[in-house]
Visitor: 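Sending over a structure as structure tokens; questions will come in a sec.
By convention here, the first residue in the shown sequence is residue 1.
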Amino acid sequence: MKKGTAIISLLMTMLTLCGCGARYAVTGIERSRILIDKRYDAAHDAELQAFMAPYKHRVDSLVAPVVGQAGCYMAAGRPESALSNLLTDILVWAAQRFNEHPQFAVYNIGGMRAAIADGDVTQGDIINVAPFDNKVCFVTLTGEQTLRLFQQIAKRGGEGVSHSVRLVIDKNRKLLKATIDGKDIDPNAQYRVATIDYVVQGNDGMTAFKEGTNLVSPQEEQNNMRYVIMDYFREQHKAGKTVCGKREGRITIE
């Protein structure tokens, strides 16, 4: 037998034997977040620090500048939370630069990736909250579509909604009541909505957005939500104000 033929024969035999062996299957998937904090500063790696030194100044220049002050601790959560209330109200605030006048705003809880602590708020803090390239956008929904959107939000146990919205859901995540500016939803009316492009595409279960019309979705870099949030904090700081989103019963469970 030639050498090449012998090697091929050996490989085929090994593959056959492997094919007859035990099969492996994924039985479960687990995940967790790893908190990176000062505990890792205890053991200094001189070689790693030397490698990172040329980049540290550049990174610090991006994340260290203070954009404003928070007057309370704000985290995201369902059915409503201080952070989700703040960010949706910022969406409504941002509408002025686009000459838009939304009746309400929606922001997905999953897009809020960190909390904001009381005190100085840096650019890095805002980047941690909104690390994705999600951009502000506006869309029109009919009243019927708006009701279905609120039903979808109820089914998820809540998402970020702006100050004008009040939703009541039951323990089974069914929508019981919905109002905008204290008024019941008119199925035949049209509502202008501020949100982010990820959400307007129907993601996170809010598929009613896919039926919207008159979409305005500026794609310039400055329209990234992180920069809009920074601008809001800067404006409040310039006016001598601290920022503090508060829970106020926008979404309640009965």
Visitor: Between CD1 of Ile196 and CG of Asn223, what distance do you get to the nearest 0.5 Å?
Guide: 13.0 Å
Visitor: Same cluster or not: are Val129 and Ile127 linked, directly or through other Ile, Leu, Val, Met, Phe, Trp or Tyr residues, by side-chain heavy atoms under 4.5 angstrom apart?
Guide: yes
Visitor: Taking the ring centre of each residue, are Phe132 and Tyr198 less than 6.0 Å apart?
Guide: no
Visitor: Report yes if the side chains of Lys135 and Asp133 come closer than 4.5 Å at any heavy-atom pair, otherwise no.
Guide: yes
Visitor: What I want to find out is whether Glu254 reaches Lys171 closely enough, with some N-O distance under 4.0 Å, to be called a salt bridge.
Guide: no
Visitor: Out of curiosity, does Phe233 fall in the hydrophobic cluster containing Val66 (side-chain heavy atoms, cut-off under 4.5 Å, transitive links)?
Guide: no
Visitor: Tell me, do Gln145 and Arg148 make a side-chain contact under 4.5 Å, heavy atoms counted?
Guide: yes
Visitor: Indicate yes or no for a side-chain donor-acceptor contact from Arg226 to the backbone of Ala130 under 3.5 Å, with no hydrogens or angles considered.
Guide: yes
Visitor: Determine whether Met206 and Thr195 satisfy the following criterion, side-chain contact (heavy atoms from CB on, under 4.5 Å), listing intermediate values before the conclusion.
Guide: CA-CA 11 Å; Met206 291 180 276; Thr195 186; over 6 Å; no
Visitor: Determine the minimum heavy-atom distance between Asp118 and Ala70, stating which atoms define it.
Guide: OD1-O, 2.6 Å
Visitor: Which heavy-atom pair separates Val228 from Gln222 by the least distance, and what is that distance?
Guide: CG2-O, 4.2 Å
Visitor: Examine distances only and state if a side-chain atom of Glu80 and a backbone atom of Gly158 form a donor-acceptor pair shorter than 3.5 Å.
Guide: no
Visitor: Look at the side chain of Asp125 and the backbone N and O of Ile116, then say whether any donor-acceptor pair between them is shorter than 3.5 Å.
Guide: no
Visitor: Which atom pairs, donor and acceptor, lie under 3.5 Å between side-chain atoms of residues 173-184 and protein residues at least two apart or in another chain?
Guide:
unit_1 : atom_1 : unit_2 : atom_2 : d
Arg173 : NH1    : Lys155 : O      : 3.4
Lys177 : NZ     : Asp184 : OD1    : 3.2

Visitor: To the nearest 0.5 Å, how far apart are CD in Glu100 and CG in Asn214?
Guide: 9.0 Å
Visitor: Could you go through His237 and Gln69, starting from their C-alpha distance and side-chain angles, then the distance that decides it, and tell me whether this counts as side-chain contact (heavy atoms from CB on, under 4.5 Å)?
Guide: CA-CA 7 Å; His237 181 60; Gln69 279 73 42; 2.7 Å; yes
Visitor: Look at the side chain of Asp89 and the backbone N and O of His163, then say whether any donor-acceptor pair between them is shorter than 3.5 Å.
Guide: yes
Visitor: Measuring from Met112:CE to Asn128:CG, what's the distance to the nearest 0.5 Å?
Guide: 15.0 Å
Visitor: Between Tyr107 (side chain only) and Val199 (backbone N and O only), is there a donor and an acceptor less than 3.5 Å apart?
Guide: no
Visitor: Hey, what's the ring geometry for Phe150 with Phe104, parallel, tilted or perpendicular (30° and 60° as the breaks)?
Guide: tilted
Visitor: Any idea which heavy atoms bring Arg113 and Gly110 closest together, and the distance?
Guide: NH1-O, 2.9 Å
Visitor: Nearest 0.5 Å, what's the CG-OG1 distance between Leu83 and Thr88?
Guide: 9.0 Å
Visitor: Please answer: with hydrophobic residues joined when any side-chain heavy atoms are less than 4.5 Å apart, are Ile90 and Val92 in the same cluster?
Guide: no
Visitor: Would you check if the side chain of Ser81 reaches a backbone N or O of Ala75 as a donor-acceptor pair within less than 3.5 Å?
Guide: yes
Visitor: Are Asn108 and Arg156 packed together at the side-chain level, in the sense that at least one heavy-atom pair is separated by less than 4.5 angstrom?
Guide: no
Visitor: Looking at Asn85, is its backbone amide N or carbonyl O close enough to the side chain of Arg250 to form a donor-acceptor pair, meaning the two atoms are under 3.5 Å apart?
Guide: yes
Visitor: Say whether Ile253 and Val161 are linked into one hydrophobic cluster, either directly or through other cluster members, by side-chain heavy-atom distances under 4.5 angstrom.
Guide: yes
Visitor: Calculate, to the nearest 0.5 Å, the distance between atoms CG and CD belonging to Leu147 and Glu144 respectively.
Guide: 7.5 Å
Visitor: Once rounded to the nearest 0.5 Å, what's the spacing between atom CD of Glu235 and atom OH of Tyr232?
Guide: 8.0 Å
Visitor: Please report the closest heavy-atom contact between Gly143 and Tyr191, naming both atoms and the distance.
Guide: CA-CE1, 3.6 Å
Visitor: Please tell me if the side chains of Phe138 and Val136 come closer than 4.5 Å, counting only heavy atoms from C-beta onward.
Guide: yes
Visitor: Start with the C-alpha distance between Val63 and Thr122, add both sets of side-chain angles, then the distance that settles side-chain contact (heavy atoms from CB on, under 4.5 Å), and finish with yes or no.
Guide: CA-CA 6 Å; Val63 302; Thr122 66; 5.6 Å; no
Visitor: State, with a plain yes or no, whether a side-chain heavy atom of Leu86 is found less than 4.5 Å away from one of Val243.
Guide: yes
Visitor: Please check if atom CD in Glu47 has more than 12 non-hydrogen atoms from other residues, nucleotides or ligands closer than 6.0 Å.
Guide: no
Visitor: Restricting to non-hydrogen atoms, name the atom on Arg78 and the atom on Ile109 that form the minimum distance, rounded to 0.1 Å.
Guide: NH2-CB, 3.8 Å
Visitor: Return yes if a side-chain donor-acceptor contact under 3.5 Å exists between Ser164 and Gln103, otherwise no.
Guide: no
Visitor: With a 4.5 Å heavy-atom cut-off, do Phe98 and Val216 have their side chains touching?
Guide: no
Visitor: Please check this pair: side chain of Ser84 against backbone of Gly160, looking for a donor-acceptor N/O pair closer than 3.5 Å.
Guide: no
Visitor: Grab the two heavy atoms, one from Tyr73 and one from Ala117, that are nearest each other, plus how far apart they are.
Guide: CD1-CA, 3.9 Å
Visitor: According to a hydrophobic-cluster definition based on side-chain heavy atoms being under 4.5 Å apart (Ile, Leu, Val, Met, Phe, Trp, Tyr only), do Val168 and Val165 belong together?
Guide: no
Visitor: List the steps, then state whether side-chain contact (heavy atoms from CB on, under 4.5 Å) holds for Leu91 with Met225.
Guide: CA-CA 9 Å; Leu91 279 169; Met225 193 62 195; 3.7 Å; yes
Visitor: Hey, is the main chain of Ala208 close enough, under 3.5 Å, to the side chain of Gln152 for a donor-acceptor pair?
Guide: yes
